[in-house]
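I have placed the structure first, in the form of C-alpha coordinates, so that the comments after it can refer back to it.
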Amino acid sequence: MRQAIDLNCDLGESFGAFTMGCDEEILPLLSSASIACGFHAGDPEIMQRTVGLARQHAVSVGAHPSLPDLQGFGRRELSMTPKQVYALVLYQIGALAGFAKAAGVPLRHVKPHGALYNMAARDAKLARAIACAVRDFDAALILYGLSQGELCTAGREQGLFVAHEVFADRRYEADGALTPRGEPGAVIETPHEAAAQVLEIVREGRVTSRTGSAVAVTADTVCLHGDRQDALAFARAVRTALDQAGVAVRAVVT
(Lines give C-alpha, C1' and ligand atoms only; values in the text may rest on other atoms or scores of the structure.)
Protein backbone atom coordinates (compact mmCIF):
# COMPACT_ATOMS: atom_id res chain seq x y z
CA MET A 1 0.00 0.00 0.00
CA ARG A 2 1.23 3.48 -0.83
CA GLN A 3 2.17 5.71 2.09
CA ALA A 4 1.51 8.97 0.23
CA ILE A 5 -0.18 10.19 -2.92
CA ASP A 6 -0.90 13.46 -4.71
CA LEU A 7 -4.53 14.57 -4.89
CA ASN A 8 -5.11 16.95 -7.80
CA CYS A 9 -8.19 18.65 -9.18
CA ASP A 10 -8.92 20.48 -12.43
CA LEU A 11 -9.76 24.04 -11.37
CA GLY A 12 -10.20 27.57 -12.70
CA GLU A 13 -12.80 26.37 -15.18
CA SER A 14 -15.19 29.31 -14.91
CA PHE A 15 -15.30 31.79 -17.79
CA GLY A 16 -16.36 35.44 -17.76
CA ALA A 17 -19.66 35.74 -15.87
CA PHE A 18 -20.11 31.95 -15.91
CA THR A 19 -19.12 30.22 -12.68
CA MET A 20 -18.25 26.54 -12.58
CA GLY A 21 -17.26 24.53 -9.55
CA CYS A 22 -16.43 25.52 -5.99
CA ASP A 23 -12.68 25.97 -6.21
CA GLU A 24 -12.23 27.85 -2.94
CA GLU A 25 -13.92 25.10 -0.92
CA ILE A 26 -12.12 22.23 -2.68
CA LEU A 27 -8.59 23.67 -2.58
CA PRO A 28 -7.93 22.98 1.14
CA LEU A 29 -8.52 19.26 0.45
CA LEU A 30 -5.90 19.04 -2.31
CA SER A 31 -2.16 18.90 -2.74
CA SER A 32 -2.12 20.04 -6.40
CA ALA A 33 -4.31 22.14 -8.71
CA SER A 34 -4.37 21.83 -12.51
CA ILE A 35 -5.53 25.26 -13.68
CA ALA A 36 -7.33 25.87 -16.98
CA CYS A 37 -5.40 28.10 -19.37
CA GLY A 38 -8.18 29.68 -21.42
CA PHE A 39 -8.61 27.22 -24.29
CA HIS A 40 -11.39 25.04 -22.81
CA ALA A 41 -12.25 27.24 -19.84
CA GLY A 42 -10.79 30.01 -17.74
CA ASP A 43 -9.83 33.55 -18.66
CA PRO A 44 -7.03 35.86 -17.49
CA GLU A 45 -8.82 37.08 -14.36
CA ILE A 46 -9.91 33.58 -13.36
CA MET A 47 -6.42 32.20 -13.95
CA GLN A 48 -4.97 34.94 -11.76
CA ARG A 49 -7.57 34.37 -9.03
CA THR A 50 -7.13 30.58 -9.03
CA VAL A 51 -3.35 30.82 -8.78
CA GLY A 52 -3.82 33.20 -5.85
CA LEU A 53 -6.19 30.80 -4.11
CA ALA A 54 -3.74 27.94 -4.60
CA ARG A 55 -1.00 30.05 -3.04
CA GLN A 56 -3.28 30.91 -0.12
CA HIS A 57 -3.88 27.22 0.60
CA ALA A 58 -0.29 26.09 -0.11
CA VAL A 59 -1.45 23.92 -3.02
CA SER A 60 0.98 23.10 -5.83
CA VAL A 61 0.16 24.83 -9.15
CA GLY A 62 0.07 23.21 -12.59
CA ALA A 63 -1.03 24.20 -16.09
CA HIS A 64 -4.02 22.42 -17.64
CA PRO A 65 -3.75 23.04 -21.41
CA SER A 66 -6.48 21.97 -23.81
CA LEU A 67 -7.52 21.83 -27.41
CA PRO A 68 -9.05 25.18 -28.53
CA ASP A 69 -12.64 24.22 -27.75
CA LEU A 70 -14.53 26.56 -25.44
CA GLN A 71 -17.92 25.43 -26.73
CA GLY A 72 -17.18 21.77 -26.16
CA PHE A 73 -15.26 22.28 -22.89
CA GLY A 74 -12.23 20.66 -24.51
CA ARG A 75 -13.91 17.27 -24.66
CA ARG A 76 -14.28 17.04 -28.44
CA GLU A 77 -11.47 15.46 -30.41
CA LEU A 78 -10.18 17.91 -33.00
CA SER A 79 -7.83 17.06 -35.84
CA MET A 80 -4.49 18.63 -34.90
CA THR A 81 -0.97 18.05 -36.18
CA PRO A 82 1.84 17.43 -33.68
CA LYS A 83 3.27 20.83 -34.66
CA GLN A 84 -0.02 22.55 -33.81
CA VAL A 85 -0.30 20.67 -30.51
CA TYR A 86 3.25 21.65 -29.57
CA ALA A 87 2.46 25.32 -30.17
CA LEU A 88 -0.85 25.41 -28.33
CA VAL A 89 0.57 23.60 -25.29
CA LEU A 90 3.62 25.87 -25.14
CA TYR A 91 1.38 28.94 -25.43
CA GLN A 92 -0.88 27.86 -22.57
CA ILE A 93 1.96 26.88 -20.25
CA GLY A 94 3.48 30.30 -20.80
CA ALA A 95 0.20 32.04 -20.00
CA LEU A 96 -0.27 30.32 -16.66
CA ALA A 97 3.42 30.60 -15.82
CA GLY A 98 3.09 34.38 -16.06
CA PHE A 99 0.41 34.44 -13.37
CA ALA A 100 2.36 32.00 -11.21
CA LYS A 101 5.48 34.16 -11.43
CA ALA A 102 3.53 37.31 -10.56
CA ALA A 103 2.04 35.52 -7.52
CA GLY A 104 5.45 34.29 -6.40
CA VAL A 105 4.62 30.60 -6.69
CA PRO A 106 6.44 27.99 -8.78
CA LEU A 107 4.74 26.26 -11.67
CA ARG A 108 5.19 22.58 -10.79
CA HIS A 109 3.41 20.46 -13.40
CA VAL A 110 1.57 20.26 -16.71
CA LYS A 111 -1.49 18.10 -17.28
CA PRO A 112 -3.40 18.12 -20.60
CA HIS A 113 -7.18 18.38 -20.43
CA GLY A 114 -10.02 16.30 -21.79
CA ALA A 115 -9.78 15.17 -25.40
CA LEU A 116 -6.15 16.28 -25.68
CA TYR A 117 -5.29 14.14 -22.66
CA ASN A 118 -7.04 11.07 -24.06
CA MET A 119 -5.59 11.52 -27.54
CA ALA A 120 -2.08 11.81 -26.08
CA ALA A 121 -2.62 8.68 -23.99
CA ARG A 122 -2.84 6.58 -27.17
CA ASP A 123 -1.10 8.64 -29.91
CA ALA A 124 2.67 8.57 -29.56
CA LYS A 125 3.25 11.49 -31.96
CA LEU A 126 0.88 13.84 -30.15
CA ALA A 127 2.29 12.66 -26.82
CA ARG A 128 5.79 13.53 -27.98
CA ALA A 129 4.66 16.98 -29.12
CA ILE A 130 3.25 17.71 -25.66
CA ALA A 131 6.32 16.35 -23.89
CA CYS A 132 8.62 18.44 -26.11
CA ALA A 133 6.61 21.58 -25.38
CA VAL A 134 6.92 20.95 -21.64
CA ARG A 135 10.63 20.19 -21.95
CA ASP A 136 11.32 23.27 -24.03
CA PHE A 137 9.49 25.54 -21.61
CA ASP A 138 11.07 24.07 -18.47
CA ALA A 139 12.53 20.59 -18.23
CA ALA A 140 12.02 20.66 -14.45
CA LEU A 141 8.23 20.57 -14.84
CA ILE A 142 6.42 17.35 -13.99
CA LEU A 143 4.27 15.88 -16.76
CA TYR A 144 1.01 14.25 -15.65
CA GLY A 145 -0.42 11.54 -17.90
CA LEU A 146 -2.77 8.58 -17.84
CA SER A 147 -1.17 5.73 -15.94
CA GLN A 148 1.04 3.71 -18.30
CA GLY A 149 -0.18 5.65 -21.36
CA GLU A 150 1.81 7.07 -24.28
CA LEU A 151 2.17 10.49 -22.66
CA CYS A 152 4.08 9.09 -19.71
CA THR A 153 6.31 7.16 -22.10
CA ALA A 154 6.98 10.27 -24.19
CA GLY A 155 7.72 12.32 -21.08
CA ARG A 156 10.34 9.86 -19.90
CA GLU A 157 11.90 9.78 -23.37
CA GLN A 158 12.25 13.58 -23.27
CA GLY A 159 13.92 13.46 -19.87
CA LEU A 160 10.95 14.71 -17.88
CA PHE A 161 9.78 13.50 -14.50
CA VAL A 162 6.37 11.95 -15.11
CA ALA A 163 3.48 11.36 -12.73
CA HIS A 164 1.16 8.46 -13.57
CA GLU A 165 -2.39 9.64 -13.00
CA VAL A 166 -5.49 7.69 -11.97
CA PHE A 167 -9.07 8.91 -11.70
CA ALA A 168 -11.44 8.87 -8.76
CA ASP A 169 -14.66 9.37 -10.71
CA ARG A 170 -14.08 7.59 -14.03
CA ARG A 171 -14.49 3.93 -14.97
CA TYR A 172 -11.73 2.01 -16.72
CA GLU A 173 -11.70 -0.39 -19.64
CA ALA A 174 -9.91 -3.74 -19.52
CA ASP A 175 -6.94 -2.26 -21.44
CA GLY A 176 -6.42 0.49 -18.86
CA ALA A 177 -8.03 3.24 -20.94
CA LEU A 178 -10.73 5.44 -19.45
CA THR A 179 -14.24 4.45 -20.47
CA PRO A 180 -15.39 7.01 -23.08
CA ARG A 181 -17.85 9.49 -21.60
CA GLY A 182 -20.51 8.48 -24.10
CA GLU A 183 -20.58 4.92 -22.79
CA PRO A 184 -22.98 3.85 -20.00
CA GLY A 185 -21.32 3.90 -16.59
CA ALA A 186 -18.32 5.92 -17.75
CA VAL A 187 -18.63 8.32 -14.82
CA ILE A 188 -18.83 7.19 -11.20
CA GLU A 189 -21.94 8.79 -9.71
CA THR A 190 -21.47 8.58 -5.93
CA PRO A 191 -18.71 9.84 -3.62
CA HIS A 192 -18.69 6.47 -1.83
CA GLU A 193 -17.90 4.60 -5.05
CA ALA A 194 -15.18 7.08 -5.96
CA ALA A 195 -13.52 6.75 -2.55
CA ALA A 196 -13.69 2.95 -2.81
CA GLN A 197 -12.02 3.01 -6.22
CA VAL A 198 -9.23 5.24 -4.95
CA LEU A 199 -8.61 2.97 -1.97
CA GLU A 200 -8.48 -0.09 -4.23
CA ILE A 201 -5.87 1.63 -6.39
CA VAL A 202 -3.80 2.83 -3.44
CA ARG A 203 -3.95 -0.45 -1.54
CA GLU A 204 -3.78 -2.98 -4.36
CA GLY A 205 -2.14 -1.19 -7.29
CA ARG A 206 -5.09 -2.13 -9.47
CA VAL A 207 -8.54 -0.95 -10.47
CA THR A 208 -11.65 -2.94 -11.33
CA SER A 209 -12.61 -2.28 -14.94
CA ARG A 210 -16.14 -1.68 -16.21
CA THR A 211 -16.31 -5.35 -17.24
CA GLY A 212 -15.10 -6.59 -13.86
CA SER A 213 -11.50 -7.47 -14.68
CA ALA A 214 -8.61 -6.26 -12.54
CA VAL A 215 -6.31 -3.78 -14.29
CA ALA A 216 -2.84 -3.03 -12.91
CA VAL A 217 -2.16 0.70 -12.59
CA THR A 218 0.69 2.87 -11.40
CA ALA A 219 -0.58 5.74 -9.27
CA ASP A 220 1.40 8.85 -8.40
CA THR A 221 -1.54 11.24 -8.45
CA VAL A 222 -5.33 10.95 -8.17
CA CYS A 223 -7.53 13.26 -10.25
CA LEU A 224 -10.79 14.82 -9.19
CA HIS A 225 -12.98 16.79 -11.58
CA GLY A 226 -13.90 20.23 -10.29
CA ASP A 227 -16.58 20.86 -12.92
CA ARG A 228 -19.18 18.40 -11.62
CA GLN A 229 -21.98 19.77 -9.43
CA ASP A 230 -21.10 17.46 -6.55
CA ALA A 231 -17.34 17.99 -6.82
CA LEU A 232 -16.97 19.09 -3.20
CA ALA A 233 -18.71 15.95 -1.89
CA PHE A 234 -16.39 13.79 -4.01
CA ALA A 235 -13.30 15.66 -2.83
CA ARG A 236 -14.32 15.31 0.80
CA ALA A 237 -15.09 11.60 0.45
CA VAL A 238 -11.78 10.80 -1.25
CA ARG A 239 -9.72 12.92 1.12
CA THR A 240 -11.44 11.41 4.17
CA ALA A 241 -10.87 7.89 2.86
CA LEU A 242 -7.17 8.55 2.31
CA ASP A 243 -6.78 10.18 5.73
CA GLN A 244 -8.52 7.30 7.48
CA ALA A 245 -6.35 4.78 5.62
CA GLY A 246 -3.23 6.58 6.82
CA VAL A 247 -2.20 7.72 3.33
CA ALA A 248 -0.57 11.14 3.34
CA VAL A 249 -1.80 13.59 0.70
CA ARG A 250 1.07 15.59 -0.73
CA ALA A 251 2.31 16.95 -4.03
CA VAL A 252 4.44 14.80 -6.29
CA VAL A 253 8.11 14.91 -5.27
CA THR A 254 10.74 14.66 -7.98
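Quick note: numbers below take in every heavy atom, side chains included, and nothing from hydrogens, waters or symmetry partners.
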Which atoms form the tightest heavy-atom contact between [X] and [Y], and what is the distance?
| X | Y | result |
| --- | --- | --- |
| Leu116 | Pro65 | CD2-O, 3.9 Å |
| Pro28 | Glu25 | CD-O, 3.2 Å |
| Met20 | Ser14 | N-OG, 2.8 Å |

Side-chain donor/acceptor of [X] to backbone N/O of [Y], under 3.5 Å:
| X | Y | value |
| --- | --- | --- |
| Ser213 | Ser209 | no |
| Gln92 | Ser66 | yes |
| Glu183 | Pro180 | no |
| Arg108 | Val252 | yes |

Derivation and outcome, side-chain hydrogen bond (donor to acceptor under 3.5 Å, both in side chains), residues Thr221 and Asp6
CA-CA 4 Å; Thr221 182; Asp6 179 43; 2.7 Å; yes
Does a sphere of radius 6.0 Å around [atom1] in [X] hold more than 12 heavy atoms from other residues, nucleotides or ligands, not counting ones at 6.0 Å or beyond?
| X | atom1 | result |
| --- | --- | --- |
| Arg75 | CZ | yes |
| Phe161 | CZ | yes |
| Arg239 | CZ | yes |
| Arg170 | CZ | yes |

Would you compute the distance between atom [atom1] of [X] and atom [atom2] of [Y] and round it to the nearest 0.5 angstrom?
| X | Y | atom1 | atom2 | answer |
| --- | --- | --- | --- | --- |
| Ser34 | Lys111 | OG | NZ | 5.0 Å |
| Leu11 | Ser32 | CG | OG | 10.5 Å |
| Phe99 | Ile46 | CZ | CD1 | 10.5 Å |
| Gln56 | Arg49 | CD | CZ | 9.5 Å |
| Cys152 | Glu165 | SG | CD | 8.5 Å |

For Cys223, which of Leu146, Asp169, Asn8 qualifies under side chain to side chain contact (heavy atoms under 4.5 Å, CB included)?
Asn8
Can you tell whether the side chains of [X] and [Y] come within less than 4.0 Å, N to carboxylate O?
| X | Y | answer |
| --- | --- | --- |
| Glu193 | Arg171 | yes |
| Lys125 | Asp123 | no |
| Asp220 | Arg2 | yes |

Do the ring planes of Phe73 and His113 sit parallel (below 30°), tilted (30 to 60°) or perpendicular (above 60°)?
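Phe73 and His113: perpendicular rings.
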According to the interplanar angle, ranging from 0 to 90°, do the rings of His109 and Tyr144 count as parallel (below 30°), tilted (30 to 60°) or perpendicular (above 60°)?
parallel
Hey, could you give me each pair passing salt bridge (charged side-chain N to carboxylate O under 4.0 Å, His left out) that has a residue in residues 139-149? Not counting sequence neighbours.
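As it turns out, there is no salt bridge (charged side-chain N to carboxylate O under 4.0 Å, His left out) pair with a partner in residues 139-149 once direct neighbours are skipped.
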Is there a donor in the side chain of Glu24 and an acceptor in the side chain of His57, or the other way round, less than 3.5 Å apart?
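Note: Glu24 and His57 side chains miss the donor-acceptor criterion.
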Under a 3.5 Å threshold, yes or no: a donor from one side chain and an acceptor from the other, between Thr179 and Glu173?
yes
Across all chains, not counting sequence neighbours, the salt bridge (Lys or Arg N to Asp or Glu O under 4.0 Å) partners of Glu77 are Arg122
